[in-house]
Amino acid sequence: MSKWRDIKSEQTYTEEQIKERLTEELPTWYYENGWIRRKYRTHGWKGTLMVVNTIGHLAEAAFHHPDLTVSYAFVICKLMNHAAKGVTNKDFELAQKIEEVIMWQPGTGSGDLEGTPSDPRFAYIQYK
């Protein structure tokens with residue numbers, strides 16, 4: 001059986017390959033019903049809108065569009081390549097970019113950006 005690293009651009013992954021790659025690269029994402037998915041928990045509507053707009057920008061720039069479920073305090077992002085009828089490298093690449101941008105936390109490393117104050121009035125996303 002081929003490893004996920006051998007998959008070509010438009011080739012779809014098997015369920016086993018998807019789970020292996022998610023475990024290695026995107027442990028907060030999961031596979032369900034043909035899609036790779038991630039639930040982003042927020043502190044309310046403001047954070048939810050920020051997550052939706054961020055995903056929207058990244059997806060449009062990549063010209064690869066996820067399905068979103070939007071609620072007051074969470075966003076579920078689902079990726080699957082409709083043209084290929086399965087999960088492809090495009091889905092993993094966009095998932096990685098979304099994860100990188102949404103979960104970026106200034107103030108946790110070096111640099112002058114302080115990050116959001118630890119005050120509930122400014123909280124917008126749950127970093128996990």
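Each residue takes its place number in the sequence, starting with 1. All values below come from the heavy atoms of this structure, side chains included, with hydrogens, waters and symmetry mates left out.
To the nearest 0.5 angstrom, Phe92 atom CZ is 7.5 Å from Glu25 atom CD. To the nearest 0.5 angstrom, Lys90 atom NZ is 7.0 Å from His64 atom NE2. Going from atom CD of Gln126 over to atom CE of Met103 covers 9.5 Å, rounded to the nearest 0.5 Å. Taking CD1 of Ile18 as the start and OH of Tyr31 as the end, the distance is 4.5 Å to the nearest 0.5 Å.
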Applying side chain to side chain contact (heavy atoms under 4.5 Å, CB included), run through Ile102 and Tyr40 and close with a yes or a no.
CA-CA 9 Å; Ile102 298 238; Tyr40 291 99; 3.7 Å; yes

Run the numbers on Glu99 and Leu26 for side chain to side chain contact (heavy atoms under 4.5 Å, CB included), then give the verdict.
CA-CA 8 Å; Glu99 189 72 8; Leu26 294 160; 4.2 Å; yes

Would you sort out whether Asn89 and Gln11 count as a side chain to side chain contact (heavy atoms under 4.5 Å, CB included), showing the intermediate values?
CA-CA 8 Å; Asn89 283 329; Gln11 186 178 355; over 6 Å; no

The test is side chain to side chain contact (heavy atoms under 4.5 Å, CB included); show your working for Leu58 and Val101 and say whether it passes.
CA-CA 9 Å; Leu58 295 171; Val101 174; 4.0 Å; yes

Could you go step by step and tell me if Lys97 and Glu93 meet the salt bridge (Lys or Arg N to Asp or Glu O under 4.0 Å) rule?
CA-CA 6 Å; Lys97 183 53 70 177; Glu93 286 183 35; over 6 Å; no

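Neither side chain, Tyr13 nor Asp91, offers a donor N or O lying under 3.5 Å from an acceptor on the other. Counted by atom type alone, Thr12 and Thr88 present zero donor-acceptor pairs between their side chains at under 3.5 Å. Side-chain atoms of Thr23 and Glu20 include no donor-acceptor pair closer than 3.5 Å. A side-chain donor-acceptor contact under 3.5 Å links His65 and Glu60.
Under the 4.5 Å side-chain heavy-atom criterion for grouping Ile, Leu, Val, Met, Phe, Trp and Tyr, Ile55 is not connected to Phe63 through any hydrophobic cluster. Taken together through direct or relayed side-chain contacts under 4.5 Å among Ile, Leu, Val, Met, Phe, Trp and Tyr, Leu68 and Trp45 form part of one hydrophobic cluster.
The closest side-chain heavy-atom distance from Thr42 to Tyr124 is not below 4.5 Å. Side-chain contact between Leu94 and Leu79 is present, with at least one heavy-atom pair separated by less than 4.5 Å. Looking only at side-chain heavy atoms (C-beta outward), Thr108 and Gln105 come within less than 4.5 Å of each other. Inter-residue side-chain proximity for Val70 and Thr48 is flagged as met; some heavy-atom pair is nearer than 4.5 Å. Between Pro66 and Trp35, every side-chain heavy-atom pair lies at or beyond the 4.5 Å cut-off. Taking the side chain as every heavy atom from C-beta outward, Lys39 and Thr69 never approach each other to under 4.5 Å. Between Lys46 and Ile125 the shortest side-chain heavy-atom distance does not fall below 4.5 Å. Looking at heavy atoms from C-beta onward, Leu113 lies in side-chain contact with Trp104 at the 4.5 angstrom threshold.
Heavy-atom minimum distance, Asp119 versus Arg121: OD2-NH2, 2.7 Å.
The side chain to side chain contact (heavy atoms under 4.5 Å, CB included) test with Arg38 singles out one residue from Ile98, Ile76, Thr28, and that residue is Thr28.
Side chain of Gln17 to backbone of Thr14: a donor-acceptor contact under 3.5 angstrom is found.
Counting non-hydrogen atoms of neighbouring residues, nucleotides and ligands closer than 6.0 angstrom, the CD atom of Glu114 reaches no more than 12 such neighbours.
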